[in-house]
Asker: 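Sharing a structure here in structure tokens format.
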Amino acid sequence: MAFLMKSMLSNQVKNLGLGGGGDESKEESTPSDPAAAAGMTREEYEEYQKQMVEEKMERDAAFAQKKAERAVLRVHLREKYRLPKSELDENQIQMAGDDVGLPEDLQKMVAEDQEEEEDKDSILGQLQNIQNMDMDAIKEKAQATFSEMKQAAEQKCSMM
């Protein structure tokens, strides 16, 4: 309660202009030089700023490289599934340079997918698909289709 009363009264007194000089003294005590504020000499502060800029540039370059790698992956997937190309991906790849490629783990995944698709497209893959088919279901479906066609023909043709 005492704190509340004190803060309310001090705010009112400051508003009246009678004793509100506390903020000005705080502003005067802070040094205007950022090096002195950080507790360093001017040379140390400049070196520190230079290191910060270099680190930021390295982070930005690594981020651009990652973005370009993701763009390469998206381009690859678009080609694989015959989707429309994106100019944004192409721009990201160009910005990063021509040395952009897929990361090793993604290259392995792409290679495995290509091998699986090649196996499915080969004659042996098609033969395996034939073995997995249910021949009885295919026969029943063919007979049902044939009987439907026969009934449709009988309804249209008066000779049958």
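Keep in mind that this is a model prediction, so the values were computed, not measured.
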Asker: Extract all donor-acceptor atom pairs below 3.5 Å that involve side chains of residues 141-148 and protein atoms in other chains or at least two apart in sequence.
Answerer:
unit_1	atom_1	unit_2	atom_2	d
T145	OG1	K141	O	2.8
S147	OG	Q143	O	3.2
S147	OG	A144	O	2.8

Asker: If I take atom CD from residue Q92 and atom CD from residue Q94, how far apart are they, to the nearest 0.5 angstrom?
Answerer: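 With rounding to 0.5 Å, CD (Q92) is 11.0 Å from CD (Q94).
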Asker: Sequence neighbours excluded, which residues qualify as side chain to side chain donor-acceptor pair (under 3.5 Å) partners of K80?
Answerer: E117
Asker: Within a radius of less than 6.0 Å around CD of E87, do more than 12 heavy atoms belonging to other residues, nucleotides or ligands occur?
Answerer: no
Asker: Under the salt bridge (charged side-chain N to carboxylate O under 4.0 Å, His left out) rule, collect the residues that match up with R74, sequence neighbours excluded.
Answerer: D89
Asker: Do the side chains of I93 and E90 get nearer than 4.5 Å, heavy atoms only?
Answerer: no
Asker: Rounded to the nearest 0.5 Å, what's the gap from NZ on K85 to CZ on R78? Could you check?
Answerer: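 Answer rounded to 0.5 Å: 11.0 Å.
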Asker: So, do E69 and L73 sit near enough that their side-chain heavy atoms are less than 4.5 Å apart?
Answerer: no
Asker: So among M40, R42, E46, which one has a side chain to side chain contact (heavy atoms under 4.5 Å, CB included) with E44?
Answerer: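 In the set M40, R42, E46, the residue that makes a side chain to side chain contact (heavy atoms under 4.5 Å, CB included) with E44 is M40.
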Asker: Using residues 54-64 as the side-chain source, report each donor-acceptor pair under 3.5 Å to any protein atom, sequence neighbours left out, with the distance given to one decimal.
Answerer:
unit_1	atom_1	unit_2	atom_2	d
K56	NZ	D60	OD2	3.1

Asker: Considering residues at least two apart in sequence or located in another chain, which fulfil the side-chain contact (heavy atoms from CB on, under 4.5 Å) criterion with Q49?
Answerer: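 Here the qualifying residues are Y45.
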Asker: Hey, quick one: are Y81 and L88 part of the same hydrophobic cluster, counting side-chain heavy atoms closer than 4.5 Å, chains of contacts allowed?
Answerer: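 Cluster IDs for Y81 and L88 differ.
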Asker: Excluding sequence neighbours, so at least two apart, what forms salt bridge (charged side-chain N to carboxylate O under 4.0 Å, His left out) with E47?
Answerer: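 Counting only residues at least two positions away or on another chain, E47 forms no salt bridge (charged side-chain N to carboxylate O under 4.0 Å, His left out).
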Asker: In the hydrophobic cluster built from side-chain contacts under 4.5 Å, what are the other members alongside M95?
Answerer: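 So far as hydrophobic clustering goes, M95 is joined with none.
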